Amino acid sequence: MPKDNGIGASPKRREDVRFLTGAGNYTDDINVHGQAHVHFLRADVAHATINSIDTSAAEAMPGVVKIFTGADFAEVGGIPCGWGVTDRHGNPQQEPRHPIIADGTIRHVGEIVAAVVADTLEQARDAAEAIELDLGDKPAVVDMAAALGDGSTKVHEDLTSNLCYDWVFGNDDDAAVQAAFDSAAHVTTLELVNNRLVANPMEPRVAIGEYSRGSDEYTLHTTSQNPHVIRLLMCAFVLGLPEHKVRVVAPDVGGGFGSKIFHYAEEAFCTHAAKACGRAVKWTSTRSEAFISDAHGRDHVTKIELALDADNNFTALRTNTLANMGAYLSTFSTSVPSYLHGTLMAGNYKTPIVQVNVKTVFTNTVPVDAYRGAGRPEATFQLERVIDKAARELGADPIALRRQNFITQFPYETPVALTYDTGDYVATMDKLEQVADVAGFAARRAESEAKGKLRGFGVNCYIEACGIAPSNIVGMLGARAGLYDAATVRVNATGTISVFVGAHSHGQGHETSFPQVVAEMIGIDESMVDIVHGDTGRVPFGMGTYGSRSIAVCGSAMVRATEKIIAKAKKIAAHLMEASDADIELKDGQFTVAGTDKSVAWGDVTLTAYVPHNYPLEELEPGLEETAFYDPANFTYPAGAYACEVEVDPDTGKVSIERFSAADDFGNIINPMIVDGQVHGGLGQGIGQALLENAAYDADGQLLSASFMDYAMPRADDVPFYQVDHSCQTPCTHNPLGVKGCGEAGAIGSPPAVVNAVVDALQSAGKDVTHIDMPLSPARVWAAMNG
Amino acid sequence: MYEFEFEKPSTVAEAVAALADEEAQALGGGQTLIPTLKQRLAMPSKLVSLTGIAGMSGVSGGDGVVSIGGATTHAEVAAAAAGAYPALAALAGQIGDPAVRNRGTIGGSLANNDPAACYPAAALGSGATIMTSTREITADDFFQGLFETALEEGEIITAVRFPVPQKASYQKFLQPASRFALVGVFAAKFTAGVRVAVTGASEEGVFRWNEAEAALDANFAPEALDGLSLDAGGMIADLHGSKEYRAHLVGVMAKRAVAAAG
Ligand SMILES: Cc1cc2nc3c(=O)[nH]c(=O)nc-3n(C[C@H](O)[C@H](O)[C@H](O)COP(=O)(O)OP(=O)(O)OC[C@H]3O[C@@H](n4cnc5c(N)ncnc54)[C@H](O)[C@@H]3O)c2cc1C
């Protein structure tokens with residue numbers, strides 16, 4: 001019988017009731033008395049000098065409260081970058097000022113040039129049209145290789161070049177690495193592009209700034225994955241406000257996928273403008289604005305080389321990547337192509353030598369930052385593509401070649417700085433072969449061929465580092481923040497519990513899964529437990545939700561706090577039963593004294609904590625509330641193996657995904673249904689990247705796919721019914737729940753399987769195609785077949 | 001959106017009068033016009049809704065002709081024309097999504113003449129007649145290039161008369177993002193001859209593929225198109241496909257249309 005309560009049960013997501021019945025409370029649902037509206041005048045050219053801005057006519061327009069330009073923010077700090085990467089020569093990354101409003105130069109289409117605050121949004125838009133701009137056009141820097149060329153126009157005049165950093169990781173002895181390649185029996189080389197993506201959460205970004213003259217306090221409601229981080233960055237680096245005077249609330253948030261981690265100019269603007277205007281100021285992004293102002297994801301160009309010995313053992317791996325930063329450094333931008341990518345280049349394999357070279361580049365495009373997977377999909381894609389290519393070149397079975405090179409001993413120290421605590425890649429591959437019915441593929445291919453279609457099978461493995469992160473380690477690597485999390489467990493007199501968690505749920509289902517853990521530990525029904533999240537005014541602290549860290553890090557803090565609660569409750573129970581603390585046991589919400597029939601219920605103990613008439617007041621404080629901060633000892637390492645089966649229409653190049661199978665090892669699982677959902681969503685996004693999505697710029701720095709007319713999002717009929725299995729479980733060895741995280745696996749692990757499958761399909765028809773860059777649109781596949 | 005006045009007349013004559021104002025514009029289902037207004041790309045002084053005019057919506061038929069009111073929604077055509085002209089109904093049923101089909105109208109689609117729209121292929125491929133507030137225009141004369149038609153200022157499409165062919169089919173290859181036609185081919189066999197209209201492909205908008213028509217006149221079978229190819233020169237090239245790809249797809253979709261027409 002499956003459990004119906006606690007860890008391992010699959011209760012339906014309680015938050016869905018309000019989401020699906022229109023009772024959610026998203027930021028745009030909030031309207032503050034007397035609020036004004038801001039419209040941002042955004043650059044429609046990629047690179048220009050602002051010779052002058054004349055706002056006088058606009059200021060006289062009806063309803064205008066105030067108009068802001070770059071000059072109004074000259075004294076205010078720029079948006080900070082949260083990670084400082086040191087380059088191969090020991091120098092810091094180049095870090096340009098990232099102004100709230102463009103100060104003298106426009107550096108990407110979509111950059112804010114002026115902000116008009118007015119009584120109504122339409123008035124603000126009308127007035128924005130009356131602003132006169134005199135621009136001096138400059139050549140747009142778009143192509144990364146060209147941006148690094150001699151004589152390229154500079155995106156930032158005050159930097160020495162368009163290079164942000166030139167970084168090497170892993171084995172940095174070039175001669176030793178080259179020697180490994182020179183002595184290899186076989187070298188496979190692949191050049192590939194990891195396509196730029198737009199996150200496109202269903203809810204666009206929204207910000208409402210408020211200021212109370214009476215208390216000198218600010219409130220910012222914003223669509224954020226991490227309100228405490230926003231408060232810290234905005235107060236300490238941008239606006240110079242005391243943190244205790246600022247409350248940041250992220251209520252219901254309709255998806256983020258990374259794009260709502262970062263501190264954005266619009267948040268700082270609305271907070272600042274609320275005081276300057278003496279009114280609350282609200283901004284709701286349009287979808288068109290989102291395309292040109294939300295941080296984009298991916299955008300790497302890579303050359304990867306894999307060396308093998310005569311027995312097909314991997315002996316060395318070398319990569320050279322150009323990674324696009326866009327025009328400015330978004331909050332975690334510099335960490336993504338470096339530490340979130342380079343550390344994963346060993347993958348699931350015991351390759352002894354790994355060298356990762358990355359140059360990050362400024363261009364006149366929207367800033368690029370973390371997007372579901374953040375660095376790990378880029379690493380996985382290169383590695384799993386080059387392995388597949390090697391297998392084809394060598395005539396080896398792609399699964400066997402992977403198996404042969406799997407890491408099998410744990411803990412395993414990789415050449416790229418990580419120590420994998422546990423895993424079983426053989427088990428997930430075994431499971432995959434079964435779930436994907438590898439044995440039945442030949443028959444399915446024959447069926448497809450009988451219909452005139454080509455059928456291909458592609459497999460890949462992935463490993464990710466989740467649960468970011470041990471603060472001391474990331475601090476050494478350049479993180480300018482700690483990456484612990486926090487939880488407060490507040491037990492009420494009647495025994496119900498509110499857990500205040502630093503993680504933020506914006507689709508992950510925390511409101512369901514977190515209470516399952518606390519309910520399990522105490523042995524009460526999970527309906528007695530709620531979580532509170534997304535409000536710096538209520539939650540003590542938190543680093544937020546990204547990097548599949550919520551249950552592994554914040555969940556661990558919640559376990560620690562609950563352990564403290566249980567320890568204290570046992571003392572109260574011991575007092576009530578006149579027994580020793582050490583003899584108290586808690587099971588199913590009942591405290592008992594070992595070896596006796598004495599018992600008191602959870603509710604008796606909680607009531608006693610708040611009505612301490614019969615209570616050891618000299619030893620124990622009344623009340624029942626505990627806080628814990630948890631800093632993980634290591635990353636967690638979810639891993640697995642994925643398989644994709646495609647049909648390709650040889651007449652049109654159209655790819656359809658016929659089967660997709662996933663065998664994941666997420667360690668212990670709290671709510672299997674939610675885990676399925678997370679994998680499904682991730683697979684949808686990975687398939688979207690592989691087949692459909694493409695943020696393409698033209699040479700002038702105009703985004704060609706700036707709306708859903710040209711930016712193809714995956715739709716329900718683009719994806720198959722998935723076979724998802726997470727029965728292989730090697731529990732994480734260093735966190736109390738043994739959990740690893742499951743939020744990004746699908747997006748990380750699926751693109752290479754799709755491309756591998758398409759290449760397999762085309763080769764089955766004798767086409768000499770070894771690679772196609774994503775997205776594998778019909779046009780690209782057809783061109784590859786007929787090229 | 002800029003401010004505008006709104007009128008919802010109940011007769012064609014009133015609509016024509018309302019549209020006489022300078023900068024007045026007809027509003028069908030608004031599926032093209034409203035997004036344009038929201039982006040402030042148009043500034044009409046007045047919108048004249050055509051959806052309250054009795055007699056301008058609905059599907060009627062007889063004598064080998066299906067007549068569709070200019071304000072008839074795609075959803076209604078998909079449902080009501082399914083018996084009389086299945087290929088046309090199927091085309092309407094593949095436009096956009098249910099919301100678009102429940103609002104968007106045939107008149108709006110034809111008047112807009114988006115180079116990737118579906119209805120223009122049906123109208124041209126069927127040799128339809130566009131009935132307006134002032135005259136009748138044959139489809140061959142109506143479409144005049146990207147977003148260009150024979151309509152005069154203030155002229156309203158009141159109905160479209162489709163001769164019903166013996167066999168017909170529309171085959172649409174989806175543009176992956178918008179799901180408009182990357183290439184769509186409407187092939188129709190009449191006793192008088194075959195008509196093949198192509199949308200999505202050409203820089204000149206919807207067009208008839210005369211060579212294919214001639215080949216199919218001789219033999220209405222997919223093989224009849226073997227060896228025929230279109231010059232890629234005038235084709236559209238964009239993020240979703242090159243000129244060559246579109247030219248190739250026209251051939252593929254034409255064969256599929258003929259095969260599906262049976
Ligand atoms: C998400 C989406 C997907 C779509 N997918 C497709 C698709 O796959 N295939 C496809 O073909 N189309 C597609 N469309 C377009 C859709 O079919 C529109 O409905 C159509 O193009 C315009 O019709 P409308 O009635 O909405 O016209 P409106 O938007 O109201 O008007 C469009 C233009 O036509 C004029 N006009 C309207 N009615 C008349 C009339 N009776 N006489 C004269 N002028 C008139 C208006 O003044 C305006 O200039 C899609 C639209 C959307 C929003």
Side-chain angles (χ1 to χ4, degrees), chain A residues 39 44 62 120-126 128-129 195 198 200 286-289 291 452 649-656 687-688 690-698 702-718 775-787, chain B residues 1-4 31-32 35-41 43 94 96-100 114-117 171-185 200-201 222 225-226 229 232 235-257 259:
Chain A
H39 173 75
D44 58 6
T120 70
L121 184 58
E122 289 302 314
Q123 287 171 334
R125 292 183 70 175
D126 288 343
E129 288 178 6
N195 42 327
V198 181
N200 278 319
T286 62
R287 183 62 64 184
S288 307
E289 279 182 288
F291 269 100
D649 178 345
D651 294 333
T652 63
K654 171 123 178 71
V655 175
S656 76
I687 290 169
L691 295 185
L692 297 159
E693 299 184 45
N694 189 19
Y697 277 93
D698 71 8
Q702 294 291 341
L703 184 60
L704 295 172
S705 45
S707 81
F708 290 140
M709 291 298 279
D710 288 299
Y711 189 92
M713 294 292 283
R715 291 160 160 96
D717 64 357
D718 290 315
L776 273 58
S777 63
R780 285 189 181 185
V781 173
W782 181 80
M785 292 177 75
N786 295 281
Chain B
M1 244 182 240
Y2 298 107
E3 285 190 7
F4 53 82
Q31 296 304 293
T32 298
T36 312
L37 296 181
K38 283 166 87 176
Q39 291 189 56
R40 296 189 161 210
L41 296 173
M43 204 172 169
Q94 289 172 51
D97 49 48
V100 170
D114 187 308
Q171 293 292 315
K172 176 183 183 184
F173 191 80
L174 301 180
Q175 194 261 49
S178 69
R179 295 200 171 181
F180 275 66
L182 186 70
V183 162
V185 176
L225 299 174
D226 283 347
S229 67
M235 298 285 127
I236 297 171
D238 62 13
L239 208 53
H240 308 287
S242 62
K243 291 172 184 288
E244 292 71 25
Y245 182 58
R246 280 193 167 79
H248 166 78
L249 274 186
V250 173
V252 174
M253 291 297 121
K255 283 188 184 177
R256 289 185 183 177

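Owing to the predicted nature of the structure, the values given are computational and were not obtained by experimental measurement. By convention in this document, chain letters (A, B, ...) are assigned in the order of the sequence lines, proteins followed by strands, and residues within each chain are numbered from 1.
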Checklist entry - So which of V252(B), L239(B), L249(B) has the biggest tally of heavy-atom pairs under 4.5 Å with chain A? => result L239(B)
Checklist entry - Are the side chains of E244(B) and N786(A) in touch, meaning some heavy atoms are under 4.5 Å apart? => result no
Checklist entry - Which one of L691(A), T286(A), N694(A), D649(A) has the most heavy-atom pairs closer than 4.5 Å to chain B? => result D649(A)
Item to check | Which portion of Q175(B) sits near chain A, non-hydrogen atoms under 4.5 angstrom | outcome: side chain
Checklist entry - Heavy-atom distance under 4.5 Å to chain B: side chain of R125(A), backbone, both or neither? => result both
Item to check | Side chain / backbone / both / neither for D126(A) at chain B, heavy atoms under 4.5 Å | outcome: both
Checklist entry - Is it the side chain or the backbone of P778(A) that comes within 4.5 Å of chain B heavy atoms, both, or neither? => result both
Item to check | Side chain / backbone / both / neither for R246(B) at chain A, heavy atoms under 4.5 Å | outcome: neither
Checklist outcome for this item: For H240(B) and A779(A), the nearest pair of non-hydrogen atoms, with its separation, is O-CB, 3.3 Å
Checklist outcome for this item: Residues L692(A) and P176(B): closest non-hydrogen pair is CD2-CB, 3.9 Å
Item to check | Gap separating the CG atom of L182(B) from the NZ atom of K654(A), nearest 0.5 angstrom | outcome: 11.0 Å
Checklist entry - Contact part of K255(B) toward chain A, heavy-atom cut-off under 4.5 Å: side chain, backbone, both or neither? => result neither
Checklist entry - Are any side-chain N or O atoms of H248(B) and backbone N or O atoms of T652(A), one a donor and one an acceptor, separated by less than 3.5 Å? => result no
Checklist outcome for this item: Cut-off 4.5 Å, heavy atoms of chain B, and the answer for E129(A) is side chain
Next on the checklist: Please identify, among M1(B), R40(B), R256(B), the residue contributing the most non-hydrogen atom pairs under 4.5 Å to chain A.
Outcome noted: R40(B)
Item to check | Ion pair R715(A)/D97(B), N-O distance below 4.0 Å | outcome: no
Next on the checklist: Does any backbone or side-chain atom of M709(A) lie under 4.5 Å from a heavy atom of chain B? Answer side chain, backbone, both or neither.
Outcome noted: both
